[in-house]
Amino acid sequence: MDDRNKSGKHEEVSPVIPGGINMEEGRRFWLSELHNRFKQQKRKVTAAVISTQAVLLLIFVGLWEAAGRNDWIDPLLFSYPSKMLMQLWRTMADGSIWPHVGMTVTETIVGFVLGTLIGTALAAALWWFPFLSRVFDPYLVVLNSMPKVALGPIFIVGLGPGFMSIVAITLSVTVIITTLNIYNRFREIDTGYIKVVRLFGASRLQLFKLVILPASFPVIISTLKVNVGLAWIGVIVGEFLVAKLGLGYLIIYGFQVFNFTLVLSSLIVIAVVATIMYQLVAALERKLTAGWRER
Amino acid sequence: MKQETVLELRQLTHVYVNDKGASLAIEHINLKVERGEFVSLVGPSGCGKTTVLSLLAGLFPPTKGQVLLNGDQVSGPSSKVGYMLQQDYLFPWRSIKENAAIGLEINDRKTEKGLQYVDELLEELGLPDSARKYPQELSGGMRQRVALARTLATEPEVLLLDEPFSALDLHIKLQLEDLVHQTLKRLGKTAVLVTHDLAEAVAMSDRVIVLGRNPGYIRSELAIPDEIRLASPMTARKLSGFQGLFERLWTELDRDDNEGGSTGGRSQ
C-alpha cells in the first residue's frame with residue numbers, strides 16, 4: 001500500500017503541475033521533517049521513562065544498603081545488597097550455585113512445555129468428543145478453583161520425593177487452566193470458517209488441522225507465556241516440599257539456618273532467570289505469530 | 001440449449017428442533033433448476049431462503065423430501081456443489097493462493113494441475129499479483145473475489161450464492177455482480193442466488209423465485225425476459241423493462257408482508 005503511494009505520486013503528480021519536481025521535492029522534505037520531529041518526540045519520552053526507572057532502582061538499592069549498614073533494619077533478617085552480591089559472587093565463582101539454577105530451570109521448562117502440550121491435547125479431546133466435555137465440565141470447574149499445590153503431599157507419596165513429584169506439582173498448576181483456556185478458544189472460532197471447510201466436505205480431522213488448531217495458535221502461544229509464570233510457582237513450592245537441589249531448596253535451607261542473605265540472593269537469581277525465560281518465550285511468540293494477524 | 005435438470009427439490013420440508021421447540025422452516029418446496037440456469041430466491045426474512053441453500057449444499061439432511069443433484073440424492077457436502085458465503089471467511093494465516101486452494105487440499109486434489117487452475121482463476125478474477133499476499137492486505141471486494149476463486153477451484157457444477165454481495169460497497173458490489181455473472185455464464189455453471197436485493201435478483205437471474213413465509217413456500221415465479229437476462233447485470237439495470245420487473249417483484253413481496261406478519265419472527 002505504502003509502496004504504491006510513494007511510487008505513484010511520482011508518476012501521477014509531477015507531469016501535471018509545472019515545475020512539479022521542485023514541489024515534489026519540497027513536499028517530501030516537509031513530510032520527512034514532520035516524521036523526524038515525531039520520532040524525536042517519541043525518543044525523548046522513552047529516554048525519560050528509562051532514566052526514571054534507573055533512578056527508582058538506584059534509590060531502592062541505595063536506601064536498602066544504607067539501612068542495612070547503619071542498622072536501621074536488622075541486617076540479619078533483611079541483609080543488604082552488597083552482602084547479597086558477595087554471596088552470589090562467591091557461589092558463582094566456586095560453581096556451587098549452578099547445579100541449583102540448572103535443576104530449577106530444567107524443572108520449570110519441563111513444567112511449562114509439558115503443561116501446555118498436555119493442556120492442548122486435553123482441550124483437543126474435549127473438542128473432539130463433545131460428550132466428554134459435558135461429562136467433565138463440573139470436575140474441571142472444581143479442579144480449576146482448587147489450589148492445586150495442596151495436592152503436593154499426594155504427589156510426593158505417589159511419585160517419591162524428587163524430580164517427578166516436582167514436575168507433577170507444576171503440571172497440576174498449569175494443565176487445568178491451559179485446558180480450559182484453549183478449549184474455550186476452540187469453541188469461540190467463528191462458525192463461518194468452520195462452514196467454509198465443511199462445505200468442501202472436510203472430515204473432523206481436517207477441520208481440526210486446517211481451522212481449529214491454526215486459528216487457536218496465538219492463544220496457545222500466549223498460554224505458554226502464562227504457564228512460564230505458573231510453572232515457577234509449582235517448581236518453587238515443589239522444591240520447598242522435597243528437593244535437595246534447586247533455588248527453592250536454597251531458599252528453604254537459608255531460612256532454616258537463618259541465612260537470609262542466601263534466601264534473598266536466591267530470590268534475585270529467580271527474578272533474573274524467570275525474566276530471561278519470559279523474554280525468550282515472548283520473543284518466540286513474536287516470531288511464531290509474525291504475519292498472523294486477526295482481522 | 002438442451003433442457004437438463006441439474007438440481008431438483010421434491011416436497012422439501014425442514015423442521016428446526018431446539019430447546020424452545022420445533023419450528024417448521026420450509027414446507028413442500030418443489031423446484032427444478034436446469035443446467036446453466038441462474039435462479040434467485042427472494043423473500044422476506046424468515047422465509048427459509050438460507051435453509052433451502054443449506055439443504056442444497058447437503059449441510060444437513062432435510063426432515064422430509066429430497067434434494068437431487070443430477071438425479072442422485074444429496075447426502076452431504078461435495079465438491080460438485082460450491083457455496084459462497086456472505087462474508088469471505090479467508091483464513092488470515094494462509095496466503096491468497098493457499099486460501100483459494102483449500103478446497104483442493106481437503107479433497108486431496110492439490111496437484112500441480114489443480115494449483116495451476118487456481119492461478120488461472122485468480123488471474124481471470126483480476127487478482128494476478130495477489131497469490132502470495134495475505135487476506136488482510138486486500139480490500140473487501142478483492143477478498144470476496146478470492147472467495148469466488150476458492151469456490152470455483154474445485155470445479156463445482158452448481159454454485160450456491162448466499163448473499164455474497166451484501167457486505168460490499170455499492171460500487172464494488174455492482175462490479176462484482178458483473179464479474180460473477182460473466183464468469184458463471186462463461187463456465188456454463190448452474191447457480192442459485194439468495195438475496196435481499198430485488199434489483200440484484202432481476203439483474204442477475206434467468207428466473208426469480210419468490211418465497212413466502214411461516215413456513216417457507218414458493219409463492220410465485222418470475223421468468224426474466226431474454227433482453228434483460230442476457231445482458232450483464234450492470235447493463236440490465238439500465239434497460240427499459242428493468243424497472244417494471246423490479247416493481248412487480250416489489251408488489252409481490254409487499255403482498256406477503258401484509259398477509260403474513262402475525263406469527264412473528266423466526267430465524268431462517
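Below, chains carry the letters A, B, ... as their sequence lines are ordered, and counting in each starts from 1.
Side-chain contact check for B/T195 and B/E200: at least one donor-acceptor pair (N or O, by modelled atom type) lies under 3.5 Å. Judged by distance alone, the side chains of B/S205 and B/S40 do bring a donor and an acceptor atom under 3.5 Å apart. Defined by atom type and a distance below 3.5 Å, a donor-acceptor pair is missing between the side-chain atoms of A/D190 and B/Q87.
Your options are B/A147, B/A57, B/G103, B/G76, and the one with the most heavy-atom pairs under 4.5 Å with chain A is B/G103.
Within the cation-pi definition used here (under 6.0 Å to the ring centroid, within 45° of the axis), A/R185 does not qualify as a partner of A/W127.
The heavy-atom pair separating B/Y117 from B/L152 by the smallest distance is CE2-O, 3.6 Å.
B/S79 does not touch chain A: none of its heavy atoms, backbone or side chain, sits under 4.5 Å away. In this structure, the portion of B/L85 lying under 4.5 Å from any heavy atom of chain A is its side chain and not its backbone. The parts of B/R150 that come within reach of chain A are both its backbone and its side chain, each placing non-hydrogen atoms under 4.5 angstrom from that chain. In this structure, the portions of B/E105 lying under 4.5 Å from any heavy atom of chain A include both its backbone and its side chain.
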